[in-house]
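Taking it in order: structure first as structure tokens, then the write-up.
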2 protein chains.
Amino acid sequence: MRIGELSRRSGVPVPTVKYYVREGLLPPGRLTSPNQASYDEGHENRLRLIRALLDVGGLSLSAIAEVLGAVDDPAQPVHKVLGVAAKRITPAEGDEVGPELIDAREDVAALLERRGWRAEADCPAGQALAGVLAALRRAGHGGFVELLDVYADAAEPVARADLDYVGRRVAREDLVESVVVGTVLGEAMFAALRRLAHVDASARAYRDEGGQG
Amino acid sequence: MRIGELSRRSGVPVPTVKYYVREGLLPPGRLTSPNQASYDEGHENRLRLIRALLDVGGLSLSAIAEVLGAVDDPAQPVHKVLGVAAKRITPAEGDEVGPELIDAREDVAALLERRGWRAEADCPAGQALAGVLAALRRAGHGGFVELLDVYADAAEPVARADLDYVGRRVAREDLVESVVVGTVLGEAMFAALRRLAHVDASARAYRDEGGQG
DNA sequence: GGATAGTGGAAAGCACTACTATCCATAATG
DNA sequence: CATTATGGATAGTAGTGCTTTCCACTATCC
């Protein structure tokens, strides 16, 4: 197929497709003559993936380019790709170390110890968590940190299900892509479910008060 | 205190504080003379809240302005404020209705039915969920949708804990702010925990294989 | 009282992101 | 053979989140 059909089938405007190719997000089409190229379903799938990560996952194009570049490089071991993904998926905290952040890091270490989680406190996810805890305290909502274990209880089965889902993949590229999609879109899926559950919970709690939550 | 001290205590540069005042995110200081104003702890807290929502929550300044404006307006009933928050927290999906979105809406309605959740399928959270499901299918990862119930099981206790946390507030403004903070930063907190749990789960699953996940 | 630093307010400028528009020579299509 | 589409390049654009610069004025220190 040529770029027009690719555009129609993916819903992405032609100039935008060209832009993605320029930016290295999408491989160029196979040239059939000096100014004609053909695209296949791989291009279409890649385009849909880009739009999902961009629109729903909220990743930046540069983050997507980096992640997809690692996915496409067969020389990259799987865990390196996931490292890239983990770094680029995290909103990239400022590096100012205040007292709240020091406390928060201790909280994270204590949580890992308490739950017996086999993870380093200073891995990207641990740093992200510490950043959130510090922000909560700085914003005057340190009390929210008490919910850590409730949240962690909920995160465990979700993480197991995620791993089980990606574990069904055999091809390296499929596996890596599943992890990226699962991590990014799974986050959005849980967030939406949590807000739906808020609506339900407050409908139950304030049954006759006209919807407080 | 004057703007310099406010800046030092909050870590936000003076021109940025001025900018936030201009944009209506932060109320102006109380003028003590034509070109001197004084700020109090309320300003400091508000600044920390803005930075938390911006840096950790990933909200845009315009979304923050809208949410805070509703929080500050005592005439706004609580549930209206939450409506504003819900709308602005969601990444604002495109409005293109494809076959995947129609299927996804049915999935959401079925989920609510199945679980007995008291929420409308077309509320902001429901639309957000449908958007995610549709994006998963479009990206070729419709299988991930099978995890919906695992995720929903996890979301329920989290939502109950959230409501319990905000339920301890008495003053209207405290309550509303708690909901906003809880919704936005709670999302970030769960996301980080989930990724930490991924690290743990894959350390267990691939114990001696050099860290596959 | 005089130098220095800080202040409120306004305006302009800037870096970045994600496109969008325009142009061109060439190629496919009816 | 006219119309439309294509690949490729360059330039322009809208929005976001600041940052810079300017000004007259005020506070502070010696």
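Below, each value reflects all heavy atoms present in this structure, side chains not excepted, and no hydrogens, waters or symmetry copies. Just so we're clear, the structure is a prediction, and the values are computed from it rather than from any experiment. Each chain gets a letter, A, B and so on, in the order its sequence line appears, and its residues count up from 1.
Residue whose closest nucleotide on DNA chain D sits further toward the 5' end, between N35(B) and L54(B): L54(B). Comparing L61(A) and V14(B) along DNA chain C, the residue whose closest nucleotide (by nearest heavy atom) sits nearer the 5' end is V14(B).
Nearest to the side-chain atoms of Y39(A) among the listed nucleotides dT7(C), dC18(D), dG7(D) stands dG7(D). Each of dA18(C), dG8(D), dG6(C) was ranked by its minimum atom distance to the side chain of Q36(B); first place goes to dG6(C). With dT6(D), dT20(C), dT16(D) as the candidates, the nucleotide lying closest to the side chain of S62(B) is dT16(D). Listed nucleotides dG17(D), dC19(C), dG6(C) differ in distance to S60(B); the shortest reach to its side chain belongs to dG17(D). Nearest to the side-chain atoms of L31(A) among the listed nucleotides dT26(D), dG8(D), dC19(C) stands dG8(D). With distances taken from any side-chain atom of R2(A) to the nucleotides dT7(C), dT20(C), dA28(C), the minimum falls on dA28(C). The nucleotide whose nearest atom lies closest to any side-chain atom of I3(A) is, among dT26(D), dC18(D), dT6(D), dT6(D). Distances were taken from every side-chain heavy atom of Y19(B) (C-beta onward) to each of dG7(D), dT7(C), dG17(D); the shortest belongs to dG17(D).
Rounded to whole angstrom, the span from the CD atom of E5(B) across to the P atom of dG8(C) amounts to 12 Å. Between the CG atom of D55(A) and the C1' atom of dT17(C) there is a distance of 14 Å, given to the nearest Å. For the pair L59(B) CG and dG15(D) C1', the computed distance is 17 Å after rounding to whole Å. Taking atom CE of residue M1(B) and atom P of nucleotide dT7(C), one finds them 12 Å apart after rounding to whole Å. Remark: C1' of dT17(C) and CZ of R88(A) are 13 Å apart, rounded to the nearest angstrom. In this structure, R8(B) places its CZ atom 13 Å from C1' of dT7(C), rounding to the nearest Å. When rounded to the nearest whole Å, the span between CD of E23(A) and P of dT20(C) equals 14 Å.
Using a cut-off of 4.0 Å between Lys/Arg side-chain N and Asp/Glu carboxylate O, R137(A) and D107(A) are scored as salt-bridged. R160(B) and D164(B) are not joined by a salt bridge, as no carboxylate oxygen comes within less than 4.0 angstrom of a charged side-chain nitrogen. Ion pairing between a basic and an acidic side chain is recognised when a charged N comes within 4.0 Å of a carboxylate O; R46(A) and D72(A) show such pairing. Under the 4.0 Å criterion applied to side-chain N and carboxylate O atoms, D122(B) and R105(B) are not assigned as salt-bridge partners. Ion pairing between a basic and an acidic side chain is recognised when a charged N comes within 4.0 Å of a carboxylate O; R169(B) and E177(B) show no such pairing.
When each of L129(B), L148(B), V132(B) is tested with V108(B) by the rule side chain to side chain contact (heavy atoms under 4.5 Å, CB included), just one qualifies, namely L129(B).
Checking the phosphate oxygens (OP1, OP2) of dC18(D), a side-chain nitrogen or oxygen of Y20(B) falls inside 4.0 Å. One finds a side-chain N or O of T16(B) lying less than 4.0 angstrom from the OP1 or OP2 phosphate oxygen of dT19(D). Distances shown here put every side-chain N or O of S33(A) at or beyond 4.0 Å from the OP1 or OP2 atom of dT26(C).
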Between Y20(A) and R51(A), is the side chain to side chain donor-acceptor pair (under 3.5 Å) condition met? List the steps.
CA-CA 11 Å; Y20(A) 288 168; R51(A) 296 314 290 231; 3.1 Å; yes
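In this structure, S178(B) contributes its side chain and D174(B) its backbone to a donor-acceptor pair below 3.5 Å.
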Dump the pairs, protein N or O against N or O of nucleotides 21-24 of chain C, anything under 3.5 Å, distances to one decimal.
none

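Taking a 6.0 Å sphere around CD of E100(B), one finds it holds more than 12 heavy atoms contributed by other residues, nucleotides or ligands.
Between F190(A) and F190(B), the ring planes lie parallel to each other; the angle is under 30°, not in the 30° to 60° tilted range.
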Toss me the dot-bracket line for DNA chain C: Watson-Crick and G-U wobble, both under 3.5 Å, 5' to 3', using | for pairs to another strand and [ ] for crossers.
||||||||||||||||||||||||||||||
